[in-house]
Engineer: 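This is the structure I want to talk about, given as structure tokens.
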Amino acid sequence: MNQKQALLEKIESRNARVGVLGLGYVGLPVVTAFAEAGFTTLGFDVNAEVVELVRGGGSHIGDVTPEAVAAMVEAGRLDATTDFSRLGESDAIIICVPTPLGKTGDPDVSFILNGLHEIRTNLRPGQIVILESTTYPGTTRELLQPELEQTGLVAGEDFFLAFSPERVDPGNENWTFTNTAKVVGGLTEACRELSTALYEKVIDEVVSVSSPEAAELTKLLENTFRAVNIGLVNEMAMITDRLGIDIWEVVDAAATKPYGFMRFTPGPGLGGHCIPIDPHYLAWKMRTLQYRTRFIELASEVNAEMPRYVVSRVAQALNEHRKPVNGSRVLLLGMAYKPDVSDVRESPALDITELLRGDGAEVIYHDPFVKSVKFDSGDLTSEPLTAELLQSCDMVVVTTDHANVDYDLVLNHARLIMDPRNGLGGRTGRAVIYPISGPPRGGTGADRLDEEPRPRAVSVG
Ligand code: SAJ
């Protein structure tokens, strides 16, 4: 019996042992889902604390409950280890490691290479290796295949190789690992057949494409599409500011078109570890082929400009109330990169903090999901949201519109609010509200800032 047939039978009978390399926001949902589908799984991570947490039936990822992990650990279908020599135990190895940008803005594939070295060291006939980490087209064929074939084993015959982009959307309760269609691109027909068969045991819909490159580019199209459209709507916000038109009214009106339009909303910038990063993997690859990806570069410029645009609007609003930014106390509502998550990676609120501090403002924040944030210019911890705190501030900026914030309290105790997320919707209160573009609204004006500022609230620990 050849290796392909032997592995296929293990997969079909769910006797294949599944290893997942990297137990983060992608890997932990993956390994748990395979365990819940009846496979014996083994998670690998360099972080001993994460390994111990998982082995103890815990979870550090919001989308995976500790109960789900504990149930699989107790059932003997989920274990975790920092011992990469155990990779040989797995019939299928799924790589879910970070693919950030390096300091120079180029792809940092060091996490893939480190994992690959461990896999090569333990590679044996009959294994399939699947890369899920978002990366540039060609990574699987140009990086993984040669490295693994250094063992003398042949891809597509002795072992198998595929790419399948992760589509985890942190915090999304509707679309999960098991009900989100999975794209798979095998190096050979046997690789395609095996990777498809594996994912079909766990995921409702598996879409196989003709090559790893097609699968790699599929993911980059998905996320570049978002980055470019977010850049477009952010530029629209700056256009409406010059036209004196309410961008939210225009976006909502355009969204009534049932076809040919997809609603994106302007904001203070582009955060997260996917959308600001992934398109640059494609831009980098195309530069090596002497092609300039203009849409990616332009969208990146517009999106990167948004924090500075918001800070300029803050300065303009304070100025209208005879207040310089320098010496003003500004409360940021939300440090996370998007609503209802605790992740601050690439969050625009970080840039806004540094820009305001650079202009001499005192910056504090409240974020129910983010307890503290490190800054070179001085760390911050989330302040309890109280009437006194709000009254002690010269400006409140809705940087992330988390659902669980008392916006009525904010409306009735803040004096000035900058709302680039439209987190307040159309609501008004005592505060003067500045949207991301266009004229201010609401407010009684009774709290002109040129009055004596109220006593500073004592920041409670
Ligand atoms: N953003 C806007 N306007 C929008 C949408 C997003 O300013 O209309 C901002 C967000 O506030 C955030 C950034 O862009 O700062 C990225 O937001 P996102 O909604 O794209 O969320 P992410 O980064 O969690 O993206 C993930 C991605 N999932 C994967 O890569 C597997 C992305 O492909 C999903 O489309 C996205 O979730 C999603 O749809 O929520």
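Just so you know, ligand 1 is whichever comes first in the structure, and atom 1 is the first atom listed for that ligand.
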Engineer: Indicate yes or no: does an N/O atom of F264 lie under 3.5 Å from an N/O atom of ligand 1?
Structural biologist: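 No, F264 has no N/O under 3.5 Å of an N/O on ligand 1.
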Engineer: Compare R263, K219, E222, R226 and give the one whose heavy atom is closest to atom 34 (C) of ligand 1.
Structural biologist: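 It is R226 that holds the nearest heavy atom.
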Engineer: Is the H273 to Y25 ring centre distance short of 6.0 Å?
Structural biologist: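 Between H273 and Y25, the centre distance is under 6.0 Å.
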Engineer: Salt bridge or not for E142 and K285, using N-O below 4.0 Å?
Structural biologist: yes
Engineer: Report yes or no: is the cationic atom of R357 (NZ for Lys, CZ for Arg) closer than 6.0 Å to the six-membered ring centre of F375, at no more than 45° off its axis?
Structural biologist: yes
Engineer: Is it true that D204 and K182 have a side-chain N and a carboxylate O under 4.0 angstrom from each other?
Structural biologist: no
Engineer: For atom 14 (O) of ligand 1, what is the closest protein heavy atom, and at what distance to 0.1 Å?
Structural biologist: L270 CD1, 3.1 Å
Engineer: Please report which non-hydrogen protein atom sits nearest to atom 12 (C) of ligand 1, along with the residue it belongs to and the distance in Å to one decimal place.
Structural biologist: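 Checked against all protein heavy atoms, atom 12 (C) of ligand 1 sits closest to Y337 O, 3.3 Å.
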Engineer: Heavy atoms only: which of T134, D278, T400, D169 is nearest to atom 37 (O) of ligand 1?
Structural biologist: D169
Engineer: Side chain, backbone, both or neither: which part of R421 has a heavy atom under 4.0 Å from ligand 1?
Structural biologist: side chain
Engineer: Counting only heavy atoms, which portion of V168 has something under 4.0 Å from ligand 1: side chain, backbone, both, or neither?
Structural biologist: backbone
Engineer: Quick one: which ligand 1 atoms are inside 4.0 Å of a heavy atom on C274?
Structural biologist: 30 (O)
Engineer: Can you list the ligand 1 atoms lying under 4.0 Å from a non-hydrogen atom of G271?
Structural biologist: 12 (C), 13 (C), 15 (O), 16 (C)
Engineer: Show which atoms of ligand 1 fall inside a sub-4.0 Å distance from at least one heavy-atom site of N223.
Structural biologist: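 Counting atoms of ligand 1 from 1, those under 4.0 Å from N223 are 30 (O), 32 (C), 33 (O).
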Engineer: I'd like to know if D106 pairs up with R287 as an ion pair, taking the criterion as any Lys NZ or Arg NE/NH1/NH2 lying under 4.0 Å from an Asp or Glu carboxylate oxygen.
Structural biologist: yes
Engineer: Side-chain contact test, heavy atoms from C-beta onward, threshold under 4.5 Å: evaluate it for Q316 versus N319 and give yes or no.
Structural biologist: no
Engineer: Does any non-hydrogen side-chain atom of L198 lie less than 4.5 Å from one of E200?
Structural biologist: no
Engineer: Answer with side chain, backbone, both or neither: which part of I230 has a heavy atom less than 4.0 angstrom from an atom of ligand 1?
Structural biologist: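 Only the side chain of I230 comes within reach of ligand 1.
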Engineer: Examine the side chains of N422 and D401 and answer whether a donor and an acceptor come within less than 3.5 Å of each other.
Structural biologist: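 Absent: no donor and acceptor within the cut-off.
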Engineer: Within a distance under 4.0 Å of any heavy atom of R167, pick out the atoms of ligand 1 and give their elements.
Structural biologist: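 Listed by number with element, the hits are 31 (C).
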Engineer: What residue and heavy atom of the protein are closest to atom 21 (O) of ligand 1, and at what distance?
Structural biologist: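 Heavy-atom neighbour on the protein nearest atom 21 (O) of ligand 1: K338 NZ, 3.3 Å.
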Engineer: Provide, to 0.1 Å, the distance between atom 7 (O) of ligand 1 and the closest protein heavy atom, together with that atom's residue and name.
Structural biologist: T265 O, 3.5 Å
Engineer: Among E132, E213, E166, which residue satisfies the salt bridge (Lys or Arg N to Asp or Glu O under 4.0 Å) criterion with K219?
Structural biologist: E166
Engineer: Measuring centre to centre across the rings, with the benzene-like ring taken for any Trp, is F295 within less than 6.0 Å of F225?
Structural biologist: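 No, they do not, as the ring centres are separated by 6.0 Å or more.
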Engineer: If you measure every N/O of H273 against every N/O of ligand 1, is any gap under 3.5 Å?
Structural biologist: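 No - when backbone and side-chain N and O of H273 are compared with those of ligand 1, no distance drops under 3.5 Å.
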